[in-house]
Amino acid sequence: MYWGESLIKDLKGKQKVSTGISPSGPIHLGNLREILTGDIIYKSLLMDGKESTFIYLADDMDPLRKVYPFLPESYTEHVGKPLRDIPAPDGKGSYSEFYLNPFMEALKSLDVKPEVIRTGELYRDGKFGEIINTVIEKKDEIRSILESISGRELEPQWFPYNARCSKCGRINSTTATDYGDGKVSYNCKCGNSGESDIYREEGKLPWRIEWPAKWKILNVTIEPFGKDHGTVGGSYDTGKEIAEKIFNYKAPLPLIYERILLKGKGAMHSSTGVNIPAQEILSFSPPEIIRYVMARVPATRHVEFDPALGFLSTMDEFERLLKMESEKKTSEDQHWILTLSKAGRAYDSVPDYRHLTTLVQIYNSEERIREILKNEGKEYSSEILRETIEMAKKWVQTYAPDSSKFSLKGEKDPVDLSVEERKLICSLYEKLEKLDQWVPEKIHECARESIGRFNLAPADGFRAIYRVLIGNDKGPRLGFFLSVIPREKITKRLGWVCGE
RNA sequence: GGGCCCAUAGCUCAGCUAGGUAGAGCAUCUGGCUUUUAACCAGAGGGUCAGGGGUUCGAACCCCCUUGGGCCCGCCA
């Protein structure tokens with residue numbers, strides 16, 4: 001049974017799937033797992049005929065933790081302020097929206113369409129007010145829950161609400177001194193003191209309390225989250241207890257998902273953690289493949305993502321599945337996976353990505369590639385073809401291993417050949433010089449004849465030719481390859497090698 | 001120290017939430033093909049399912065232990 005199905009099959013009644021990421025920087029591949037897992041669960045519920053909604057919480061009330069490496073030093077003054085109150089790095093709008101917007105764009109192309117809720121707006125609109133009041137009234141009970149379950153000792157002056165300083169704007173530097181009438185009095189390290197209205201965005205709950213409060217306010221019934229929250233004594237454990245004991249709300253069904261690791265490219269994630277930004281991935285991968293990577297494996301298993309050769313294998317795999325589907329040979333699980341991998345657009349007839357990675361290195365115009373494919377009897381919708389061509393280009397220049405790349409050698413680049421091989425090149429040179437038509441078939445014909453004349457094994461002959469032209473043992477189909485390059489360029493090269 | 005995930009053919013993995021005599025793709029080998037985009041077609045070899053114990057008529061699949069990898073427990077998923 002498909003993992004998504006088995007997870008939700010026993011659920012009764014209306015469901016609400018919740019996910020959330022704090023928009024504190026560029027959203028990357030790892031974050032994608034959270035939201036895509038949520039989307040997969042949501043869509044699995046629908047496929048199973050259950051009523052469900054799907055929300056994405058942008059935690060823009062979270063404070064800036066520190067000056068991240070990608071931020072200018074001037075952001076030091078903003079550390080501790082809510083993300084929504086900080087100016088964007090480009091000066092336009094808020095910090096949180098700056099990182100949220102491109103992420104939303106990425107989600108759109110991935111066909112993920114949750115209801116987006118900004119936590120800051122929940123505070124602003126007073127949605128948290130009542131529950132904050134409860135939290136403060138029952139702070140001693142909450143304190144003991146946090147201490148006993150997490151095993152962590154809280155400071156004596158601990159208070160379950162962080163007021164935002166009206167002067168310096170920080171929410172991590174105030175100390176509560178009093179509470180009454182929905183107002184928290186505070187002193188700030190900046191010297192200011194004042195009152196914070198719990199029905200406004202003038203402060204926030206600490207994470208471990210805010211999380212269960214969100215469940216209650218938004219009626220969340222199922223939520224995927226990373227194992228950092230899922231560890232024993234972690235925030236899910238304390239959240240569950242707080243939800244059930246204090247808020248009288250049944251904690252959502254948890255789905256603790258494993259992490260995504262990057263493969264290849266050496267120590268790509270040794271120090272900084274995994275971080276291919278979401279946009280970067282979508283620049284070389286069709287959204288269907290990203291979805292496929294997340295959908296095919298149970299969320300509880302880790303995924304090793306290989307953007308290099310492994311990516312092509314994943315493409316192949318997906319294309320095979322699509323083919324099976326068109327022949328109605330998919331198993332039930334495969335049907336689920338395929339359905340959940342689709343990104344809300346027709347992607348039945350896929351341009352062969354692997355093939356494109358080669359074509360893209362030979363031809364530079366999209367029209368040319370379209371023609372070639374047409375000659376091969378394959379036609380695709382122009383939009384998807386254009387996109388995929390761009391992606392293949394990007395993949396070649398950024399992720400392709402050297403063995404998959406090639407470029408024409410210069411006229412006088414040195415090359416190491418045996419005597420026999422050099423004779424072969426001379427022969428080919430003469431034939432190509434005299435060739436009446438510079439077309440693929442004829443060119444290929446010349447190569448075969450030349451190789452035949454010297455009793456070389458075909459593979460050895462071709463290897464010599466490729467070595468001369470691109471410095472590799474293998475290359476794209478010779479006739480097509482040479483036909484798009486001006487003849488003089490080829491003959492000059494061959495002539496020089498022959499004369500050496 | 002605590003927790004989670006993983007360990008199945010040379011490689012990448014499926015199968016493990018319906019327990020019933022081991023699967024796919026790639027690689028290798030053989031044959032074919034007017035020979036090469038990581039070509040294509042047909043076929044073959046290859047695994048005591050990490051190790052040990054238990055439950056069962058029967059376990060890769062359930063339970064326990066061991067070993068080896070990976071990851072998480074200072075709110076970066």
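Residue numbers start from 1 in every chain, and the chains themselves are labelled A, B, ... in the order their sequence lines are given, proteins ahead of strands. None of these values were measured; they are calculated from a predicted model.
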Among B/rA77, B/rA18, B/rC76, find the nucleotide with the atom closest to the side chain of A/M1.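 Given the options B/rA77, B/rA18, B/rC76, the side chain of A/M1 is closest to B/rA18.
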
Classify the angle between the aromatic ring planes of [X] and [Y] as parallel (below 30°), tilted (30 to 60°) or perpendicular (above 60°).
{"X": "A/F311", "Y": "A/F284", "value": "perpendicular"}
{"X": "A/W215", "Y": "A/Y236", "value": "tilted"}
{"X": "A/F128", "Y": "A/Y123", "value": "parallel"}

I'd like to know if A/K43 pairs up with A/D111 as an ion pair, taking the criterion as any Lys NZ or Arg NE/NH1/NH2 lying under 4.0 Å from an Asp or Glu carboxylate oxygen.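 Salt bridge flag = yes for A/D111 with A/K43.
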
Check every strand shown and say whether [X] touches a base, only sugar-phosphate, or nothing at a heavy-atom separation below 4.0 Å.
{"X": "A/Y68", "answer": "nothing"}
{"X": "A/R208", "answer": "nothing"}
{"X": "A/R259", "answer": "base"}

Is there a donor in the side chain of [X] and an acceptor in the side chain of [Y], or the other way round, less than 3.5 Å apart?
{"X": "A/W211", "Y": "A/E223", "value": "yes"}
{"X": "A/T221", "Y": "A/Q15", "value": "yes"}
{"X": "A/S94", "Y": "A/R84", "value": "no"}
{"X": "A/S235", "Y": "A/W207", "value": "yes"}

I need the [atom1]-[atom2] distance between [X] and [N], as an integer number of Å.
{"X": "A/W207", "N": "B/rA77", "atom1": "CH2", "atom2": "C1'", "result": "11 Å"}
{"X": "A/R65", "N": "B/rA77", "atom1": "CZ", "atom2": "P", "result": "11 Å"}
{"X": "A/N31", "N": "B/rC75", "atom1": "CG", "atom2": "P", "result": "16 Å"}
{"X": "A/E332", "N": "B/rG15", "atom1": "CD", "atom2": "P", "result": "14 Å"}
{"X": "A/R296", "N": "B/rG15", "atom1": "CZ", "atom2": "C1'", "result": "14 Å"}
{"X": "A/L322", "N": "B/rG25", "atom1": "CG", "atom2": "C1'", "result": "16 Å"}
{"X": "A/K214", "N": "B/rC75", "atom1": "NZ", "atom2": "P", "result": "15 Å"}
{"X": "A/N172", "N": "B/rG74", "atom1": "CG", "atom2": "P", "result": "18 Å"}

[atom1] atom, [N] versus [M]: distance in rounded Å?
{"N": "B/rU55", "M": "B/rU21", "atom1": "P", "value": "23 Å"}
{"N": "B/rG45", "M": "B/rG51", "atom1": "C1'", "value": "27 Å"}
{"N": "B/rC13", "M": "B/rG47", "atom1": "C1'", "value": "14 Å"}
{"N": "B/rU17", "M": "B/rC11", "atom1": "P", "value": "26 Å"}
{"N": "B/rU48", "M": "B/rG43", "atom1": "C1'", "value": "27 Å"}
{"N": "B/rC71", "M": "B/rG15", "atom1": "C1'", "value": "25 Å"}
{"N": "B/rG69", "M": "B/rG58", "atom1": "P", "value": "35 Å"}
{"N": "B/rA44", "M": "B/rA7", "atom1": "C1'", "value": "29 Å"}

Intra- and inter-strand pairing of RNA chain B, written as dot-bracket with Watson-Crick and G-U pairs under 3.5 Å and | for the latter, reads ((((((((.[[[[.)....(..]]]].(((((.......))))).....[[[[[..)....]]]]])))))))....

Whichever of A/D62 and A/S6 has its nearest RNA chain B nucleotide further upstream toward 5':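 Final value for this comparison: A/S6.
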
Taking the nucleotide of RNA chain B with the nearest heavy atom to each, does A/L7 or A/I21 sit closer to the 5' end?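 Of the two residues, A/L7 wins.
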
Listed partners of A/S18 passing side-chain hydrogen bond (donor to acceptor under 3.5 Å, both in side chains), at least two apart: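 Here no residue qualifies.
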
Provide a list of protein-nucleic acid N or O atom pairs under 3.5 angstrom, restricted to nucleotides 3-6 of chain B.
| unit_1 | atom_1 | unit_2 | atom_2 | d |
| --- | --- | --- | --- | --- |
| B/rC4 | O2 | A/K227 | NZ | 2.9 |
| B/rC5 | O4' | A/E258 | OE2 | 3.1 |
| B/rC6 | OP1 | A/R301 | NE | 3.0 |

Going through the distances and angles, do A/F103 and A/Y56 end up as a side-chain contact (heavy atoms from CB on, under 4.5 Å)? CA-CA 12 Å; A/F103 182 51; A/Y56 165 71; 3.6 Å; yes

With a 6.0 Å cut-off on the ring centroids, do A/F159 and A/Y161 count as close?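 When the ring centroids of A/F159 and A/Y161 are compared, they turn out to be at least 6.0 Å apart.
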
